[in-house]
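Read the structure below first, then the notes.
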2 protein chains.
Amino acid sequence: MRRRTLHLDASKVGAEWQNGDDCREILQLLDRIGDKWTVMVVGALTPGPMRFNMLMREIDGVSHRMLTLTLRGLAQDGLVKRTAYPTIPPKVEYELTELGRSLIEPLSALAAWVTRNRPAIEKARASFPDAA
Amino acid sequence: MRRRTLHLDASKVGAEWQNGDDCREILQLLDRIGDKWTVMVVGALTPGPMRFNMLMREIDGVSHRMLTLTLRGLAQDGLVKRTAYPTIPPKVEYELTELGRSLIEPLSALAAWVTRNRPAIEKARASFPDAA
DNA sequence: CAGAATCCTTAGAGATACTG
DNA sequence: CAGTATCTCTAAGGATTCTG
């Protein structure tokens, strides 16, 4: 018997986690949410709206192309609002929507986890049998 | 001036999010944590220890190879404990470590977010200008 | 300035077969 | 049963160029 809701209770999560019901779509979304650049963009936009080139500079390592694609994806998903000012030269501002902002919390929780446990993970890596 | 800690306070996260100090390594870890199969494995292992083939069956869509690689990675990072019983045929059990279990919570928070907001996202996608 | 289009390169991942 | 090793192939992503 399979439930459709995801409980936060850690001890019960597993059951519906991989139940295949809506698991596929969840994972598909996780792929977008967990995407490297997506995380970066959300992080960069957290303080407030930003223009394209500003994001480019802010994000460090992102290519023009990937930033475009990521932003478009986020806009499609309603996480980011794109505002184009028809000036010359063009000016386009991106900002998190309400939905987008609601993602900050779980995402930063994860970031916090990483920060908190990085030492442990690095220790584990180092002490792993035949560590590369 | 840059802090090294990640605050959970949504309004302040952005600043250190992309500050480049330890951002690189955080992202690198996020890549592993956010990885499709990693999420699946953690989910599958949440209820308790499991053997390789069981995981194969449980996870649906994972190839033999990817499961091996994912599990090895998780073991290296100390998130999963691998126990091999030297019997014939071999029997290998995987289970979450303490560290691994601590990941369940933030991960399921994210999963919960996806579940909660999937309708909104799908609506956004559908109503997007020239939706594919 | 923002973005579209093109090319090109590689790493990721599936399929398959072999081994202890 | 669990794991390794190859081979292959696709598609993600970088660099570059062009346009409104």
Side-chain angles (χ1 to χ4, degrees), chain A residues 24 27-41 44-45 48-77 80-96 128-132, chain B residues 24 27-41 44-45 48-77 80-96 128-132:
Chain A
R24 296 296 198 130
L27 269 200
Q28 175 191 339
L29 277 184
L30 262 192
D31 252 18
R32 153 143 351 217
I33 268 71
D35 173 68
K36 182 181 173 184
W37 299 127
T38 295
V39 174
M40 291 300 271
V41 168
L45 286 180
M50 233 181 255
R51 301 182 52 176
F52 187 88
N53 276 346
M54 189 56 187
L55 282 170
M56 269 291 267
R57 260 171 275 122
E58 214 49 34
I59 291 190
D60 176 67
V62 72
S63 68
H64 192 142
R65 184 171 168 275
M66 285 322 292
L67 185 54
T68 304
L69 293 180
T70 304
L71 285 170
R72 190 189 306 163
L74 288 172
Q76 279 179 359
D77 287 352
V80 157
K81 180 163 132 235
R82 178 183 185 277
T83 315
Y85 301 92
T87 58
I88 295 179
K91 168 178 167 179
V92 183
E93 271 203 341
Y94 293 92
E95 64 181 314
L96 293 178
F128 196 74
D130 100 311
Chain B
R24 296 296 197 132
L27 269 200
Q28 173 191 341
L29 278 185
L30 261 192
D31 252 15
R32 152 140 354 214
I33 268 71
D35 174 67
K36 183 182 174 183
W37 299 129
T38 296
V39 175
M40 291 300 270
V41 168
L45 286 180
M50 231 182 259
R51 300 180 55 176
F52 188 88
N53 276 347
M54 187 59 186
L55 282 169
M56 266 295 263
R57 260 172 276 124
E58 217 44 40
I59 292 192
D60 176 67
V62 73
S63 68
H64 191 144
R65 183 171 167 274
M66 285 322 291
L67 185 54
T68 304
L69 293 179
T70 305
L71 285 169
R72 190 189 306 162
L74 288 173
Q76 279 179 359
D77 288 352
V80 158
K81 181 164 131 233
R82 178 184 185 276
T83 314
Y85 301 91
T87 58
I88 295 178
K91 169 178 165 179
V92 183
E93 272 203 341
Y94 293 91
E95 63 182 316
L96 293 178
F128 197 76
D130 99 310

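It should be emphasised that the depicted structure is a prediction, and the values quoted were computed from it without experimental measurement. Naming convention: chains lettered A, B, ... in sequence-line order (proteins, then strands); numbering from 1 in each chain.
- Using a 4.5 Å heavy-atom cutoff, the side chains of Leu69(A) and Arg72(A) are in contact.
- In the region residues 63-72 of chain B, proximity to DNA chain C at under 4.0 angstrom, judged on heavy atoms, holds for Ser63(B), Arg65(B), Met66(B).
- Rounded to an integer number of Å, the gap from CD1 of Ile88(B) to C1' of dC1(D) is 11 Å.
- Atom NZ of Lys91(B) is surrounded by more than 12 heavy atoms from other residues, nucleotides or ligands within 6.0 Å.
- The separation between Asp35(A) atom CG and dG12(C) atom P is 14 Å, rounded to whole Å.
- If you find the closest nucleotide of DNA chain D to Lys36(A) and to Glu93(B), the one lying nearer the 5' end belongs to Glu93(B).
- Among the heavy atoms of the strands lying under 4.0 Å from Tyr94(B) are primed sugar atoms or P, OP1, OP2 only; no base atom is included.
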Problem set entry | Working for side chain to side chain contact (heavy atoms under 4.5 Å, CB included), residues Val62(B) and Met40(B) | CA-CA 9 Å; Val62(B) 73; Met40(B) 291 300 270; over 6 Å; no
For this session: Applying side chain to side chain contact (heavy atoms under 4.5 Å, CB included), run through Lys36(B) and Leu30(A) and close with a yes or a no.
Result: CA-CA 8 Å; Lys36(B) 183 182 174 183; Leu30(A) 262 192; over 6 Å; no
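- One interatomic measurement links the two molecules: NZ of Lys91(A) to P of dA2(C), which rounds to 9 Å at whole-angstrom precision.
- OP1 or OP2 of dA2(C) lies within a sub-4.0 Å distance of a side-chain N or O belonging to Arg51(A).
- Counting to the nearest Å, the P atom of dG3(D) and the OH atom of Tyr85(B) are 13 Å from each other.
- Atom CG of Asp31(A) is separated from atom C1' of dG13(D) by 16 Å (rounded to the nearest Å).
- Across the protein-nucleic acid pair, Arg82(A) atom CZ and dA2(C) atom P stand 10 Å apart, rounded to whole Å.
- Within the 4.5 Å cutoff, the side chain of Leu27(A) has no heavy atoms near those of the Asp31(A) side chain.
- To the nearest angstrom, P of dA13(C) lies 14 Å from CE of Met40(B).
- Between the CE atom of Met50(B) and the P atom of dC1(D) there is a distance of 16 Å, rounded to whole Å.
- When side chains are defined from C-beta on, Leu71(B) counts as touching Leu55(B), because their heavy atoms get closer than 4.5 Å.
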For this session: Would you check, one step at a time, whether the test side chain to side chain contact (heavy atoms under 4.5 Å, CB included) holds for Asn53(A) with Met56(A)?
Result: CA-CA 5 Å; Asn53(A) 276 346; Met56(A) 269 291 267; 4.2 Å; yes
